[in-house]
Every structure is written in C-alpha cells, then in structure tokens.
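Written below as structure tokens is the structure these notes are about.
The chain is numbered in sequence order, starting from 1.
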Amino acid sequence: MSLLTPWSVDRNWVWSEMAGAWALRKRYVGVIYGLSLEEIEKNHGGLAMLSPTNVIGLNEFDTYLVELGKRVSAADA
C-alpha cells in the first residue's frame, strides 16, 4: 500500500516501491489524500501503475478493509 499525498508523490522512493510491486505482479493499493488521479496523471504520469481499480480515497479506507477481510475469509473457507 502507498499513501499518495501532494507531498509523497514528489518522492522517488514512493514511485520506486510501487514500481517494484508492479514489476513483481504483487497486489497493492494506492490511497490518495489531498489530490486526484487526474492530478497524478497530469503532473507525474503515474497511472501506468495506478488504475482506478486499485486506488481509493483515504475516507474509503475503512470500507476497503472490511471488504478485504470478507474476501480473505471467503478464500480461507
């Protein structure tokens, strides 16, 4: 998981970690706060690794964790 803020998107290590997960075909989620996907694409060209299906807003994080827990429980059954 990566927290993408107006400050973190300017840090090379954030993009390096996401690129590593992407290259290894690991599942990850980008959590955005204080900016939009459109701003990330316009200013950083980062949507190659970030698709709308694996990016959530910080306010949606609790809901994401509940859904993730349900998927994990279903997979264990």
Side-chain angles (χ1 to χ4, degrees):
M1 177 177 22
S2 300
L3 179 60
L4 303 168
T5 68
W7 308 277
S8 72
V9 294
D10 291 328
R11 305 287 188 242
N12 289 336
W13 58 267
V14 172
W15 294 102
S16 296
E17 288 179 2
M18 287 191 299
W22 187 60
L24 295 171
R25 298 182 183 263
K26 300 288 183 180
R27 293 183 184 194
Y28 68 95
V29 173
V31 179
I32 58 175
Y33 174 76
L35 71 163
S36 67
L37 287 175
E38 292 79 19
E39 291 172 298
I40 294 171
E41 178 61 20
K42 178 182 175 190
N43 299 325
H44 302 283
L47 294 186
M49 289 182 292
L50 298 172
S51 69
T53 58
N54 63 354
V55 177
I56 60 171
L58 185 59
N59 292 334
E60 302 164 342
F61 190 67
D62 289 341
T63 303
Y64 168 76
L65 289 178
V66 170
E67 292 173 0
L68 179 61
K70 289 177 184 176
R71 290 195 308 254
V72 169
S73 293
D76 287 342

Within 6.0 Å of CZ in R27, more than 12 heavy atoms from elsewhere: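 For R27, atom CZ is not crowded (no more than 12 foreign heavy atoms under 6.0 Å).
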Would a single hydrophobic cluster contain both [Y] and [X], if residues Ile, Leu, Val, Met, Phe, Trp and Tyr are joined by side-chain heavy-atom contacts under 4.5 Å?
X	Y	result
L65	V72	yes
W7	L37	no
W13	I40	yes

Heavy-atom donor-acceptor pair, S2 side chain to L4 backbone, under 3.5 Å: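 No; judged by distance alone, with no hydrogens or angles, the pair does not exist.
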Expected output: side-chain E39 to main-chain S36 donor-acceptor under 3.5 Å: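 Looks like yes, one N/O pair under 3.5 Å.
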Interatomic spacing from [atom1] in [X] to [atom2] in [Y] - rounded to 0.5 Å:
X	Y	atom1	atom2	value
W22	W15	CH2	CH2	11.5 Å
E60	I32	CD	CD1	7.5 Å
D10	N43	CG	CG	8.5 Å

Test log, rule side-chain contact (heavy atoms from CB on, under 4.5 Å), inputs L35 and V9: CA-CA 10 Å; L35 71 163; V9 294; 4.0 Å; yes
Heavy-atom closest contact (P6 atom, Y33 atom, distance):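 Minimum heavy-atom contact is CD-O, 3.2 Å.
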Heavy-atom closest pair, residues V31 and G57: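 Shortest heavy-atom separation between V31 and G57 comes out as CG1-C, 4.3 Å.
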Verdict with reasoning, M1 to F61, per side-chain contact (heavy atoms from CB on, under 4.5 Å): CA-CA 11 Å; M1 177 177 22; F61 190 67; 3.3 Å; yes
